[in-house]
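Below is one structure; the comments refer to it alone.
Every chain is numbered from 1 and lettered A, B, ... according to where its sequence line falls, protein lines coming before strand lines. Computed over heavy atoms, backbone and side chain alike; hydrogens, waters and symmetry mates excluded.
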Protein chains: 2
Amino acid sequence: MRPNNYFIEYIRSAGLCPTRQRIALAKLLFQGDDRHVTAEELYNEALSEKMKVSLATVYNTLHQFTEAGMLREISVDTNRSYFDTNTRKHHHFYFEKDGKLGDIPDGMISIGKLPEAPNGTKIKCIDVVVTITDSNNDY
Amino acid sequence: MRPNNYFIEYIRSAGLCPTRQRIALAKLLFQGDDRHVTAEELYNEALSEKMKVSLATVYNTLHQFTEAGMLREISVDTNRSYFDTNTRKHHHFYFEKDGKLGDIPDGMISIGKLPEAPNGTKIKCIDVVVTITDSNNDY
DNA sequence: GTCAATGTTTAGAATAGTTCTAAATTACAT
DNA sequence: ATGTAATTTAGAACTATTCTAAACATTGAC
Ligand SMILES: [Mn+2]
Ligand SMILES: [Mn+2]
Ligand SMILES: [Zn+2]
Ligand SMILES: [Zn+2]
């Protein structure tokens, strides 16, 4: 159970004002284990904890935290964005059935040599997604 | 320049009726080199070739072709779906600047051993996306 | 060929996730 | 405390996509 101050300092050190909403959302995000959330999920958690925060603020905050390197945004499903509290290098399982993401520990997957990025560009990131499907839809 | 009949047979062999719209879209998709298109792009191509087809049909057709294994759907950007005419195993560059995809030939990347899929599930596919960014946004 | 049955297309409405707007509120340096 | 800049908010707007249900095309039997 981290002290309130931990979150305030974390937000401040990212160059953002530690507002009531940002502190509360940071608590939901960074209190426990690493997680993969959608905006809507986080908003609903906030509501059920009786927090006073708007959906727009949840979106703003998720993007600001991402911009600040506290979160990573992941595109696996074209319908919703996922935000990952684990910003270390790692890859993902995508469980199609329930729309959940799971981490694949780094080292579990190795990437061979890559073609060079064209001149004037550079590789920003490499994302591996292993999509998991229910095995009983294959007859 | 493939004959009309080629497309008709291709569509038929996928278990779909070779309708005027499906034939014309198949021509746009499978006439030349492999491509990565969005629904909107394909629709605009169709319009500029004076084809009579609706956007809903473009979406329907892309999904039916995907279902039938003629296309592969790719999620790199949460705002739009890409459809790939190359259904062989291969991975992608994503050029963030212009929203274009490029193929990474298979063999260029190697994936190490993976954790097992949980019981009752199986691995559907493994997708690697190498995001390329303009190198001048890094000071 | 005709015809019925089934499959397909379509325009436009609807949906859903996300972003925008501009007014109200809050944070914080002085 | 006060003023200024940053933040939040409700709701409207936006955009990609899907749905609806009526019109139309394709197919296979005759
Ligand atoms: Mn975003
Ligand atoms: Mn789709
Ligand atoms: Zn993760
Ligand atoms: Zn491809």
Check your understanding: Can you list the steps and then say if A/Glu41 with A/Lys100 is a salt bridge (charged side-chain N to carboxylate O under 4.0 Å, His left out)?
Key -> CA-CA 11 Å; A/Glu41 277 167 16; A/Lys100 291 273 174 289; 3.7 Å; yes
Practice item. Evaluate the criterion ring pair (Phe, Tyr, Trp, His ring centres under 6.0 Å) for residue pair B/Phe30 and B/Tyr10; output intermediate values, then yes/no. Key: CA-CA 10 Å; B/Phe30 305 114; B/Tyr10 190 29; 5.3 Å; yes
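The interatomic distance linking A/Tyr43 (OH) with C/dG17 (C1') rounds to 14 Å, in whole Å. Rounded to whole Å, atom P of C/dA16 lies 16 Å from atom CD of A/Glu41. One interatomic measurement links the two molecules: CZ of A/Arg80 to C1' of D/dT17, which rounds to 13 Å at whole-angstrom precision. Regarding B/Leu47, its CG atom lies at a distance of 14 Å from the C1' atom of C/dT10, rounded to whole Å. The CZ atom of B/Phe83 sits 10 Å away from the C1' atom of D/dT17 (whole-angstrom rounding). Rounded to whole Å, atom P of D/dT7 lies 13 Å from atom CD of A/Glu67. Look at CD1 on B/Ile11: it is 15 Å from C1' on D/dA25, rounded to the nearest Å. Summarising the geometry, the separation between CG on A/Leu25 and C1' on D/dT8 is reported as 12 Å, rounded to the nearest angstrom.
Residues A/Thr66 and A/Glu73 have side chains that never bring a donor and an acceptor to within less than 3.5 angstrom of each other. Inspection of the A/Asp103 and A/His91 side chains reveals no N or O donor paired with an N or O acceptor under 3.5 Å.
Put simply, A/Arg22 has a side-chain N or O that comes within less than 4.0 Å of OP1 or OP2 on D/dT7. Under 4.0 angstrom from either OP1 or OP2 of C/dT18 there lies no side-chain N or O belonging to A/His63.
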Point to revise | Reading 5' to 3' through nucleotides 25-30 of chain C, protein heavy-atom contacts under 4.0 Å coded B for base, S for sugar-phosphate only, - for none | key: --SS--
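Other members of the cluster containing A/Val76 are A/Ile74, A/Tyr82, A/Tyr94, A/Leu101, A/Val129, with ILVMFWY side chains joined at under 4.5 Å, either directly or via other members.
Under 4.0 Å is where a charged nitrogen must lie from a carboxylate oxygen, and between A/Glu45 and A/Arg35 at least one such pair does. Contact check on A/Asp127 versus A/Arg72 returns a salt bridge, with a Lys/Arg side-chain nitrogen under 4.0 Å from an Asp/Glu carboxylate oxygen. A/Lys124 and B/Glu96 are joined by a salt bridge, as a carboxylate oxygen and a charged side-chain nitrogen come within less than 4.0 angstrom of each other.
Taking every heavy atom of residues 50-61 of chain B and every atom of DNA chain D, pairs under 4.0 Å involve B/Leu55, B/Ala56, B/Tyr59, by number.
Paired runs in DNA chain C that reach 3 or more consecutive Watson-Crick or G-U pairs, where each pair keeps both distances under 3.5 Å, cover C:1-30 with D:1-30.
Residues satisfying the side chain to side chain donor-acceptor pair (under 3.5 Å) criterion with A/Gln64, sequence neighbours excluded, are A/Arg22. Remark: A/Asn5 engages A/Glu9 in a side-chain contact (heavy atoms from CB on, under 4.5 Å) (not counting sequence neighbours).
Taking both residues in full, the closest heavy atoms of B/Thr78 and A/Asp77 are given as OG1-O, 3.7 Å, listed atom of the first, atom of the second, then distance.
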